[in-house]
Amino acid sequence: LVDLVKTEEELDELDVGLHSVTEFLDTTNPVGRFNFRNLASAAELESDLTSQRVKLGMYGLARERKWPNKQPPLGYEKVDDGTLRIDTAEAKLVHEIFEMYIQERSMPQIAFLLNEQGKSTKQSDAWCRQSVGKVLRNELYIGHYQIAGFEADVEEYRILPDDLFDKATATRHRFKHAQTQMD
C-alpha cells in the first residue's frame with residue numbers, strides 16, 4: 001500500500017491520472033483516490049491472508065513430521081504419506097561428506113573431490129562450495145526437524161551421530177572462534 005501511495009503521488013506530480021473503465025477509479029478526484037486506495041488495501045489484506053494460510057499449512061505439515069517440498073534433502077526420500085524415509089545410498093554420501101570435511105577442512109576441496117569421484121548432488125548437479133555447505137548445516141541429519149516455526153527431534157530422521165555433526169560444525173566455525181578470542 002505504501003508503494004502504491006508513493007506511485008500515486010509520483011503520477012500526480014507528473015499530472016498523470018489513473019482511470020479505469022471497469023471500476024469507479026479516477027485518481028484525479030478524492031472519491032476515485034479513496035476507491036483506489038481501498039482496492040489496494042483489500043489486495044494487501046488478501047496477500048497477507050494467503051501468506052498466513054500458507055504458514056499455517058506448513059506448520060500443520062511440520063507437526064505431522066511431513067516434508068513440505070517436493071524435493072527432500074540429500075539422504076532422504078519422500079514417502080507417499082509426505083513423511084521422509086532415509087535413502088541408504090544417499091545417507092552414506094552424507095556421512096562421507098561430513099568425514100571428508102573434518103579431514104580436509106575446506107568446502108571447495110570437498111566439492112572438487114566429490115566431482116572428481118563422479119558424485120552429484122540430489123538434483124544431479126555438480127558440487128560447489130555452497131552445496132557442500134548446505135549439507136554441513138542441515139540439522140535434520142541429527143534428527144532436528146525444524147520447519148515453519150515448528151521444532152522437534154525426530155529420531156527416525158537421524159543419519160549422523162551428534163559428535164560427527166558437532167565436530168564438522170566446530171570445524172566450520174573455527175575462524176569465528178579464533179576471531180572472538182582475539183577481540
Side-chain angles (χ1 to χ4, degrees), residues 3 44 46-183:
D3 290 336
E44 183 176 38
E46 181 56 33
S47 175
D48 290 347
L49 289 173
T50 299
S51 175
Q52 184 181 41
R53 285 189 295 266
V54 168
K55 286 178 187 173
L56 286 172
M58 297 274 283
Y59 188 84
L61 287 173
R63 282 188 23 221
E64 296 174 10
R65 311 315 193 252
K66 294 183 177 181
W67 193 252
N69 305 326
K70 225 178 201 181
Q71 187 72 38
L74 181 70
Y76 303 94
E77 59 184 343
K78 191 171 178 179
V79 186
D80 289 339
D81 69 358
T83 59
L84 297 178
R85 176 174 41 217
I86 293 175
D87 178 306
T88 310
E90 289 183 8
K92 184 179 174 195
L93 178 58
V94 168
H95 200 279
E96 185 180 331
I97 290 169
F98 274 81
E99 293 284 353
M100 290 170 67
Y101 181 70
I102 290 168
Q103 181 180 345
E104 298 291 334
R105 304 170 67 98
S106 166
M107 289 183 226
Q109 179 64 16
I110 301 309
F112 173 78
L113 292 171
L114 290 169
N115 290 328
E116 282 290 303
Q117 295 171 10
K119 297 178 180 173
S120 60
T121 67
K122 182 108 176 164
Q123 292 77 26
S124 300
D125 295 329
W127 286 94
C128 65
R129 179 186 59 80
Q130 291 87 348
S131 53
V132 171
K134 188 175 180 181
V135 170
L136 295 173
R137 288 186 301 275
N138 193 341
E139 292 184 2
L140 188 59
Y141 296 134
I142 54 171
H144 187 73
Y145 181 83
Q146 182 178 355
I147 293 179
F150 178 84
E151 292 185 46
D153 289 321
V154 183
E155 204 53 40
E156 58 266 26
Y157 289 173
R158 178 185 288 275
I159 289 177
L160 301 172
D162 286 343
D163 62 332
L164 181 61
F165 188 88
D166 292 344
K167 197 170 187 180
T169 300
T171 301
R172 278 191 312 108
H173 293 154
R174 67 191 180 277
F175 298 119
K176 289 181 185 176
H177 295 308
Q179 182 65 34
T180 304
Q181 292 171 355
M182 295 173 126
D183 292 342

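Remember, predicted model here, so these are calculated numbers, not experimental data.
Judged purely by atom type and a 3.5 angstrom limit, Tyr145 uses its side chain to pair as donor or acceptor with the backbone of Lys66. In this structure, the side chain of Asn115 engages the main chain of Ala111 through a donor-acceptor pair within 3.5 Å. In terms of modelled atom types and a separation under 3.5 Å, the side chain of Lys167 and the main chain of Ile102 share no donor-acceptor contact. Between the side chain of Arg63 and the main chain of Gly60, no donor-acceptor pair closer than 3.5 Å is present. Listed for the Asp87 side chain is a donor-acceptor partner under 3.5 Å among the backbone atoms of Ala89.
For the pair Pro73 and Leu140, the tightest heavy-atom approach, listed with the atom from each and the gap, is CG-CD2, 4.0 Å. Scanning both residues, Trp67 and Lys78, for their nearest heavy atoms gives O-NZ, 3.0 Å. Taking all atoms of both residues into account, the shortest heavy-atom contact from Val79 to Leu84 is CG2-C, 4.1 Å. When every heavy atom of Tyr141 is checked against every heavy atom of Leu74, the shortest pair comes out as OH-O, 2.7 Å. When all heavy atoms of Trp127 and Val132 are compared, the pair lying nearest together is CE3-CG2, 3.8 Å.
For the atom pair CE (Met58) and CG (Leu61), the distance works out to 7.5 Å, reported to the nearest 0.5 Å.
Using a 4.5 Å cut-off on side-chain heavy atoms (C-beta onward), Gln109 and Leu113 make contact.
Annotation for Glu77: atom CD counts as buried by contact number, over 12 foreign heavy atoms lying within 6.0 Å. The number of heavy-atom neighbours closer than 6.0 Å to CZ of Phe150, taken from other residues, nucleotides and ligands shown, is above 12.
Using a 4.0 Å cut-off between charged nitrogen and carboxylate oxygen, Arg65 and Glu156 do not count as a salt-bridge pair.
Relative ring orientation between Tyr157 and Tyr76 is described as perpendicular, the plane-to-plane angle rising above 60° on a 0-90° scale split at 30° and 60°.
Looking at Thr50 and Arg53, their side chains do bring a donor and an acceptor atom within 3.5 Å of each other.
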